[in-house]
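Nothing here was measured: the structure is a model prediction, and the numbers come from that model. Just so you know, residue 1 is the first one in the sequence shown, and it goes up from there. Order of appearance sets the numbers: ligands from 1, and atoms from 1 within every ligand.
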Amino acid sequence: MTSPPRPTLADVTRGRILYGGDYNPEQWPESVRREDVALMREAGVNLATVGVFSWARLEPRPGERDFGWLDRVLDLLHAGGIGVCLATPTASPPPWMGARHPETLPRDETGAVVWYGSRNHFCASSPVYRDHALRITADLADRYGDHPALRLWHVNNEYGTACWCDVTAAHFRRWLRDRYGSLDALNDAWGTAFWSQRYGDWEEIIPPRRAQYMVNPTQELDFRRFTSDALLECFTAERDALVERTPRIPVTTNFMPLFVGQNGWTWAEREDVVSVDLYPDPADPERDDGAAWGALVQDLTRSQARGPWLLMEQAAGPVNWRGVNHPRPEGLTRLWSLQAVARGADGICFFQWRQSRQGSEKFHSGMVSHAGPRGRTFRQVRQLGADLERLGALTGSPVTARAAVLHDWNAWWATLSAGRPSNLLTYERPLRAWHRALWESHLTCDFAHPESGLEDYALIAVPHLYLLTDAALDNLASYVRGGGTLVCGFFTGVVDTDDRVREGGVDARLREVLGIGTVHEWWPLDEGKVQPLASCGDDIAEGAVGTLWREDFETLPGTETVAAYRGGELGGRPAITRHPFGDGTAWYLSTLPDPAALRALLSRAAGEAGLRPPLPGLPTGVEAVRRGGRLFLLNHRREPATVPLPAPATDELTGRRHEHTITLGRHGAAVLREAPPA
Ligand code: GLA
């Protein structure tokens, strides 16, 4: 028997962009709630996320239930026409759980208890925690499954707690037995012949706890895999309890942006709706932490969702967890929200609705700030609600990207162990630099798993995938052989799935695709040091410098050296190469070029693969993305910008028609419906 199809985000949006935020009415007297609903209506809010951290209120003592207040909240929201995203409260167990069942509390690498008094203090392997979490989840579903306000389930919150306790150790061993089958296989995978680490009994195996010196890197890699899986078991168990009781309500859990602790590809497959929390730093919207960072997270989330997704949390003003917490300049929340819609979001929500007056987050902004409904924040929140109301027709529409950046958590995790050629080479650094270069070149890109089908993409970018499986290597080779363009960054394909170095420094299959021979040595660069490059052939790398990394490698006959190292130990050796392979082309970048050079190289490779920006002549700092037959223009600069238009177009936000150009104000945005060609 086949199970009925699961509901999707479209069942929640029903043709309107979702708009709202976390709503924590239990922090307020009941009298405030009527004003909340009136203000939500005024702002165009249509979704409130309720109950994220309400466990202690819902279950004041073990087994007791206090649902009355939540009944009233849901009824009130429903009467106001506001849908509810109802959370399971399992991210924050009540103090009674830690006090009565200390084994539910996580322990760190040293064995120290991570106490209650904050949040996210649970051991994912603890049967006691899991049992209590499932009971409250089931009771919530039984009580509210038929409530007319219920639109979406929100399980837990930002899963990410790792634990090193004895219960976890036993669970880790079970996971390892499933993975390896035998101790011999584990010893082989972990390379335990090194430093006398051979295990003779499963019971000897522990999580990678604090040790005298560097810990076995494959043990660490497996522990990261295991921790993601253990948390996913918690999510899946709650999801199943919800699906069984409310088959027509979709289920999500909110990701942290580009978060290391969860294998986001695997997790997303288990969700009906993929959602993410995103807090770019407004201090400098033109830096990585602003719009470029937002675009990366949005592209990744859309790719995980394989379609529209939900921005579950952002801030309407300052956060309170950076060293210095800056408010958002006028217009920035609107701009960044429209950026998310442009890149596939069908819902824009905030943490949180009303700014708290007590607790750790009282200086974190809310949609209704301490300044109240007459404050600047709420005025902007109202305006954003009106803008989003006009974009309902976009819901469900895809964003088409013909380029993809490959990303894999296994490769990321494998880079986190100590003892590598350079600590400066983090997984994120090349990833962010490359995505930013594509973003600045106006080339909309997806993210993709290295083993996934790539043939629909004209360009595949691999900033840095240290670990590549055999399947991924074969996949890349057949992609290029079939006519694709691959641009591959350094220190890629170096180890197999067990973190075992591949023969020849870089896997032979990848070297054949790239047209490179022996890789003699890695020559990493110190922070702030650069390596001049010299163009060979044309001037693409003239004046360019490499950063972070260099390699001494041979090229094979037929490989073009696009740029060579100029001066220094590697002077005259190839730095950037290009190689025809099968019907396609493979580029190799053995260093991280400066931003302008990286942009030029990726634009060149993309241009040769037939990719163009959505509009010619876009000014720097103006982002252009097409979605659902609309052209989004987003001005990330503090100055106005004028964009030439190839054809007259109407801005759906203002209803105004623009003939030859459109001028966007500081942080201005337009959503253009282009006139069909005459
Ligand atoms: C996270 C959490 C929220 C809140 C915000 C503050 O995203 O999910 O509960 O703490 O951070 O920025």
Name the residues with a heavy atom less than 4.0 Å from ligand 1?
Phe53, Arg119, Asn157, Glu158, Asp277, Tyr279, Glu313, Trp321, Phe351, Glu361, His364

Ring-ring centroid check His101 Tyr129, cutoff 6.0 Å:
no

Basic-acidic side-chain contact under 4.0 Å: Glu271, Arg6
no

Side-chain donor/acceptor pairs under 3.5 Å, residues 48-55, sequence neighbours excluded:
{"unit_1": "Ser54", "atom_1": "OG", "unit_2": "Glu26", "atom_2": "OE2", "d": "2.5"}
{"unit_1": "Trp55", "atom_1": "NE1", "unit_2": "Glu59", "atom_2": "OE1", "d": "2.8"}

Taking NZ, NE, NH1 and NH2 as the nitrogens, is one of them in Arg436 or Glu440 under 4.0 Å from a carboxylate oxygen of the other?
yes

Is the shortest distance from a Lys or Arg side-chain nitrogen in Asp11 or Arg248 to a carboxylate oxygen in the other one below 4.0 Å?
no

Less than 6.0 Å separating the ring centroids of Trp439 and His636?
yes

